[in-house]
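Everything below concerns the one structure shown next.
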Amino acid sequence: MKPRLTRSLQRILIVAAAGSAFTHAADLTWNGQADSNTWNTQTTNTNWLNAGSAAPFVSGDNVTFAIPAGTESTTVQVADSLQAGTMTVDSNYTVQTTAESSISATMSGTGTLTKSGEYMLSLHAAENSTNGPALAVAAGNLALSGTATYRELSSMADDTQIQIVEGADITFANASTGSDVVLQGNMQFDEGPCSLNTIAGSGTLSLQEAAILSLSADSEIGTLSNAGTLNASGNLLIENPVDNGGKVSATRLILNNGGNFNTIQTNNLVIGNEITTTAPAVTTQSLGVLNGENVQVDVASTVHGSGDYLLVSTQSLGTATYTLADETVERYRNIGYQTNMQRTADGLVLTLAAFNNGYYTRNVYSPNGKAGAILLDQAFGTLDPQANSRQYTDLALVLNAMDAYLADNNRHAADKLAANVAGAGLANLNSAWRGQMERQLNAIRNRITGMQGGISCYSSPNPKAPLAHHFSYTMWANAEIDYQNQGGNNSLPGYKLNSIGGTAGFAMFASRDLTIGAAFTGMAGRLSSKGFGSDASGDLDAYYANFFMRMDTNCWQHSLIGSVGWADVKFNRRVNFPGGNYSTHGSTDGLAFGLMYELAYSYQISEDTMKSAWWQPVINVSYIHSQMDAYTESGSDAALRIGKQDSNNVIFGFGARMQGIVGEQWLNTPAIMEARILGKALVGARAGKAHVSIPGVAAQSTVRGAEPSAIGLELGMGFNIPLGSNLGTIFTDFTAEFYQDQNSVNGTLGYRFNF
């Protein structure tokens with residue numbers, strides 16, 4: 001007689017031979033005890049009855065949770081992914097998760113399945129389940145997938161959540177209470193009242209006619225397809241069009257794509273979809289206030305076109321007062337429309353009347369051209385200069401010129417004129433001021449580099465060079481010229497700044513290794529802005545208070561420089577066009593401060609050349625804050641109000657400097673020559689910009705200047721020529737900086753006396 005295999009072993013052999021295919025599914029009834037109530041696929045776990053005999057669960061078996069008998073536990077612990085053929089729940093059972101778990105089966109039963117445990121339980125209806133058990137959540141989260149109808153959602157504890165997985169189609173025949181639902185698939189309530197805290201997600205919520213759903217907090221629903229009642233105590237957002245809508249009530253109802261409703265009750269109706277003249281944005285038989293007497297209507301999306309727009313098509317508006325939200329009025333006013341909303345026989349109608357139709361803005365293309373066109377459109381709608389040409393002579397002439405350009409299809413000329421009206425060159429005021437502060441830091445650095453011969457190593461000084469510490473103080477004065485040029489590019493203007501001035505300074509040698517001092521600088525500058533849409537020039541005069549310190553440690557040289565600058569700016573603009581021109585004048589003040597730290601180390605080139613040359617690797621970092629105060633131009637009815645301009649920049653420099661003794665033969669004195677080369681990186685906003693407006697017109701625009709590159713190169717050379725014992729030193733310096741589309745040149749000649 002052949003030995004018979006146990007049922008479990010037979011199954012193991014079948015699984016081994018045929019993978020996950022099962023030839024016979026057993027019918028199992030739960031028989032787990034209180035001390036052993038885990039549902040898993042371990043063959044030693046015999047928490048089930050099969051025809052009255054203890055048996056383990058094998059994937060594919062049909063399981064039943066029936067009325068408890070004896071010591072059977074109604075709590076089922078799971079910590080695995082379980083696949084059953086069918087799952088029947090005919091009494092009240094609790095599934096407690098001890099790890100992330102899932103159960104897949106065809107669901108049915110007259111009982112209640114309660115989820116507990118902190119871990120997620122995923123319940124998947126493997127096939128259409130038309131008579132599933134009631135569901136409840138006592139703790140943790142429950143995810144539903146597949147296609148199933150459950151008898152009801154009986155209850156949910158606080159801080160729990162049901163997730164309707166994407167692609168799922170879940171129906172609750174009856175519903176009572178719950179908490180939070182994340183809706184990614186489809187969920188339907190057939191009948192009965194249901195109270196939830198929130199619903200959020202992009203799925204579809206369907207309420208059949210007998211269903212009543214109440215939400216106690218702000219909720220978001222992707223698609224609402226209902227003929228029932230949806231009550232939201234907070235704000236309710238419905239993203240997609242509502243089809244065959246029932247009654248919807250919410251404190252604030254946001255309809256992003258309209259819809260068809262039976263009844264709407266709200267304090268604030270937000271219409272987020274684009275409104276048109278061809279169809280109403282929202283259709284409802286009745287629109288009324290949820291509480292109070294007033295309903296605010298906010299049209300969150302704007303249109304461009306005068307006319308009447310049916311916001312809400314309705315047969316009944318009740319006795320409520322309907323007002324247009326301030327946000328809507330402001331939103332349309334900013335693009336040039338006056339708004340009015342009226343109750344009519346058809347519903348709520350929004351009337352838009354264009355006082356600025358954006359004609360000029362639509363017909364120009366450059367950023368600065370659009371900035372000017374916005375101002376002109378607003379001036380046209382607000383001031384009507386052509387009809388009031390005596391009061392607004394220049395604006396009327398400009399609008400006539402713009403109309404003539406566009407009638408000839410000369411959009412380039414119109415674009416350039418609009419940019420000029422907006423004062424495109426004004427964007428460069430702060431850029432030029434920032435460049436002046438950078439120049440000032442560099443100039444003071446060059447002065448203190450040559451003090452005491454410039455070389456910081458004193459171990460083997462050249463007796464011919466003035467390196468020895470034999471005086472306590474020094475004073476100097478120098479004249480300086482400077483040229484900056486920022487080239488324009490495309491439709492962005494650049495600038496030129498020519499400056500001349502001088503510096504008087506004083507330094508004290510506290511010790512052989514420490515030098516401290518201060519200096520005062522005055523520069524008179526001539527600033528002009530040239531390029532697309534800009535014809536402006538004026539003065540930029542600046543004054544600086546400077547403080548510095550140089551400390552030598554062995555062969556290390558540390559330099560710290562601080563500078564505070566004040567600017568006095570006067571700027572004139574000219575706007576020319578066929579048929580006329582006008583000029584404006586303005587003045588403002590500027591403030592800037594800068595800080596530079598530089599570190600260098602002196603190397604002797606060779607023992608034999610100690611008498612002639614040293615070189616220093618150099619690294620420095622500068623911080624510059626610059627600003628120009630707001631001001632208002634005069635001289636024309638088209639004069640501008642210019643807002644405050646400011647910027648914060650960090651500049652890094654890295655390179656080398658060489659110092660040596662030259663000129664002993666032809667100067668008959670040991671002059672010190674310095675040559676330097678540094679790569680530079682500019683961090684922060686590089687292009688200038690200014691906010692401009694026409695007084696009396698609400699619109700404000702932003703004009704922009706050309707933007708230099710972030711990487712540049714600095715080249716420099718200087719000489720310190722002693723005049724003899726106790727006669728002081730003549731010094732001179734030349735510096736050039738090169739960025740893409742920007743460069744500057746600086747020259748200095750001065751005299752220093754030590755005592």
Side-chain angles (χ1 to χ4, degrees), residues 433-454 456 469 471-480 482 499 501-525 540-553 556-568 589-600 616 618-627 646-653 657 674 676 678 680 714 716 718 720 729 731 733 735 746 748 750-755:
W433 180 219
R434 179 192 66 200
Q436 279 292 282
M437 176 52 73
E438 182 182 0
R439 172 208 59 79
Q440 184 63 21
L441 292 175
N442 291 341
I444 300 299
R445 177 205 61 190
N446 294 341
R447 298 294 73 74
I448 66 176
T449 296
M451 290 183 182
Q452 293 181 296
S456 58
H469 179 72
F471 49 85
S472 299
Y473 305 97
T474 187
M475 297 182 65
W476 84 89
N478 66 263
E480 182 176 354
D482 184 75
S499 300
T503 299
F506 172 83
M508 178 179 68
F509 303 101
S511 68
R512 189 175 72 170
D513 298 328
L514 179 63
T515 303
I516 57 176
F520 179 80
T521 301
M523 299 290 290
L540 196 163
D541 300 333
Y543 309 93
Y544 307 86
N546 311 287
F547 309 91
F548 57 86
M549 177 182 70
R550 169 182 156 177
M551 184 173 65
D552 300 329
T553 305
W556 292 99
Q557 178 179 304
H558 306 265
S559 299
L560 183 64
I561 303 158
S563 182
V564 180
W566 297 266
D568 181 15
D589 298 320
L591 173 68
F593 59 85
L595 189 66
M596 172 188 282
Y597 169 74
E598 183 172 274
L599 177 66
Q616 296 175 322
V618 175
I619 185 170
N620 60 45
V621 59
S622 303
Y623 167 74
I624 296 175
H625 169 80
S626 61
Q627 66 181 51
D646 60 5
S647 64
N648 293 278
N649 296 93
V650 177
I651 305 170
F652 296 95
R657 179 164 52 218
E674 174 204 350
R676 60 186 173 275
L678 287 93
K680 307 190 77 171
E714 176 187 341
N720 285 267
T729 300
F731 60 87
D733 188 86
T735 300
N746 180 272
T748 300
Y751 172 76
R752 181 171 62 244
F753 181 74
N754 303 323
F755 57 94

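In this chain, numbering begins with 1 at the start of the sequence shown.
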To the closest 0.5 Å, what do you measure between [atom1] ([X]) and [atom2] ([Y])?
{"X": "Met508", "Y": "Thr474", "atom1": "CE", "atom2": "OG1", "answer": "13.0 Å"}
{"X": "Asp552", "Y": "Gln557", "atom1": "CG", "atom2": "CD", "answer": "5.5 Å"}
{"X": "Asn546", "Y": "Leu441", "atom1": "CG", "atom2": "CG", "answer": "8.0 Å"}
{"X": "Leu591", "Y": "Gln627", "atom1": "CG", "atom2": "CD", "answer": "5.0 Å"}
{"X": "Arg445", "Y": "Tyr597", "atom1": "CZ", "atom2": "OH", "answer": "14.0 Å"}
{"X": "Met437", "Y": "Ser626", "atom1": "CE", "atom2": "OG", "answer": "8.5 Å"}

How about [X] and [Y]: do any of their side-chain heavy atoms sit closer than 4.5 Å?
{"X": "Gln436", "Y": "Asp482", "result": "yes"}
{"X": "Ile561", "Y": "Glu598", "result": "no"}
{"X": "Ile619", "Y": "Leu678", "result": "no"}
{"X": "Thr735", "Y": "Asn442", "result": "no"}
{"X": "Thr503", "Y": "Arg447", "result": "no"}
{"X": "Asp733", "Y": "Arg676", "result": "yes"}
{"X": "Asp589", "Y": "Asp568", "result": "yes"}

Test side-chain contact (heavy atoms from CB on, under 4.5 Å) on Phe547 and Ile444; report intermediate values, then the result. CA-CA 9 Å; Phe547 309 91; Ile444 300 299; over 6 Å; no

Answer with yes or no whether the side chains of Glu674 and Thr449 bring together a donor and an acceptor at under 3.5 Å.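 No, because no side-chain N or O of Thr449 sits under 3.5 Å from a partner of the opposite role on Glu674.
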
Please find the pair of heavy atoms, one from [X] and one from [Y], that lie closest to each other, and give the distance.
{"X": "Phe548", "Y": "Ala519", "result": "CE2-N, 4.4 Å"}
{"X": "Ile448", "Y": "Arg550", "result": "O-NH1, 3.1 Å"}
{"X": "Trp433", "Y": "Gly590", "result": "NE1-C, 3.8 Å"}
{"X": "Tyr543", "Y": "Gly522", "result": "CD2-CA, 4.2 Å"}
{"X": "Ala443", "Y": "Glu480", "result": "CB-OE2, 4.0 Å"}
{"X": "Met523", "Y": "Thr521", "result": "CG-CG2, 3.9 Å"}

Spell out, as yes or no, whether a donor-acceptor pair under 3.5 Å connects the side chain of Ser511 to the backbone of Leu514.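 Yes; at least one donor-acceptor contact below 3.5 Å.
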
Is there a donor-acceptor pair under 3.5 Å between the side chain of Asp541 and the backbone N or O of Gly525?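 Indeed, once roles are kept as given, a pair shorter than 3.5 Å links the two residues.
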
Any chance you could lay out the side-chain contact (heavy atoms from CB on, under 4.5 Å) test for Val621 and Val650, step after step, and finish with the verdict? CA-CA 7 Å; Val621 59; Val650 177; 3.8 Å; yes

In terms of ring plane angle, is the pair Tyr473 and Phe506 parallel, tilted or perpendicular, where the classes change at 30° and 60°?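 Because their plane-to-plane angle is under 30°, the rings of Tyr473 and Phe506 count as parallel.
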
Checking side-chain hydrogen bond (donor to acceptor under 3.5 Å, both in side chains) against His625, which of Asn648, Asn649, Asp646 comes through?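 Result: among Asn648, Asn649, Asp646, Asn648 is the only option passing the side-chain hydrogen bond (donor to acceptor under 3.5 Å, both in side chains) with His625.
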
